[in-house]
Amino acid sequence: MPKFLIERDIPGAGKLTAEQLKAISQTSCGVLGKMGPQIQWVNSHVTADKIYCVYIAPNKEMVLEHAKLGGFPANSISRVSATIDPTTAEQTV
């Protein structure tokens, strides 16, 4: 199933409290529960003014629907073509 990277412009995101992040997470999980098992939230990374989220979904439209239902911005959605990490350097081709 495809993976997507979602960029969400949220001014002041880095200053959100643990309680606010928990509430956002609960909203996201609630929407995911209603949408069914085809869409999954992998993780999110919070920066000063953005949140970057990784989702697994059959298509971009489902990711957009999640954002709409949750009231989240989805300023950019990109399909992940590959994931690399330090172990990639050790792989033999």
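In this chain, residues are counted from 1 in sequence order.
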ring-ring contact (aromatic ring centres under 6.0 Å, His included) involving Phe4 - partner list, sequence neighbours excluded: none

Over all atoms of both residues, closest heavy-atom pair of [X] and [Y]:
X     : Y     : result
Pro73 : Ile10 : CG-CG1, 3.9 Å
Thr27 : Gly70 : CG2-O, 3.8 Å
Ala74 : Leu64 : CB-CD2, 4.4 Å

Connected via hydrophobic side-chain network under 4.5 Å: [X] and [Y]:
X     : Y     : answer
Trp41 : Met62 : yes
Val54 : Ile77 : no
Leu5  : Val42 : yes
Ile6  : Phe72 : no

Output every pair passing salt bridge (charged side-chain N to carboxylate O under 4.0 Å, His left out) with a member in residues 65-90, not counting sequence neighbours, ordered by first then second residue.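 Counting only pairs at least two positions apart or across chains, no salt bridge (charged side-chain N to carboxylate O under 4.0 Å, His left out) contact touches residues 65-90.
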
Going by salt bridge (charged side-chain N to carboxylate O under 4.0 Å, His left out), name the pairs with one or both residues in residues 12-28, residues two or more places apart or in two chains. none

What is the distance from atom CD1 of Ile39 to atom CD of Glu61, rounded to the nearest 0.5 Å?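 CD of Glu61 is found 11.0 Å from CD1 of Ile39.
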
Would you give the length of the straight line joining atom NZ of Lys60 to atom OG of Ser78, rounded to the nearest 0.5 angstrom?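 It comes to 7.5 Å.
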
Does any pair with a residue in residues 48-57 pass side chain to side chain donor-acceptor pair (under 3.5 Å), and if so which ones, sequence neighbours excluded?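 Only Glu7-Lys50, Asp9-Lys50, Ser28-Tyr55 qualify under side chain to side chain donor-acceptor pair (under 3.5 Å).
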
Contacts table for residues 31-38: side-chain donor-acceptor under 3.5 angstrom, sequence neighbours left out:
none

Check side-chain hydrogen bond (donor to acceptor under 3.5 Å, both in side chains) between Thr17 and all other residues, then give those that pass, not counting sequence neighbours. Gln20

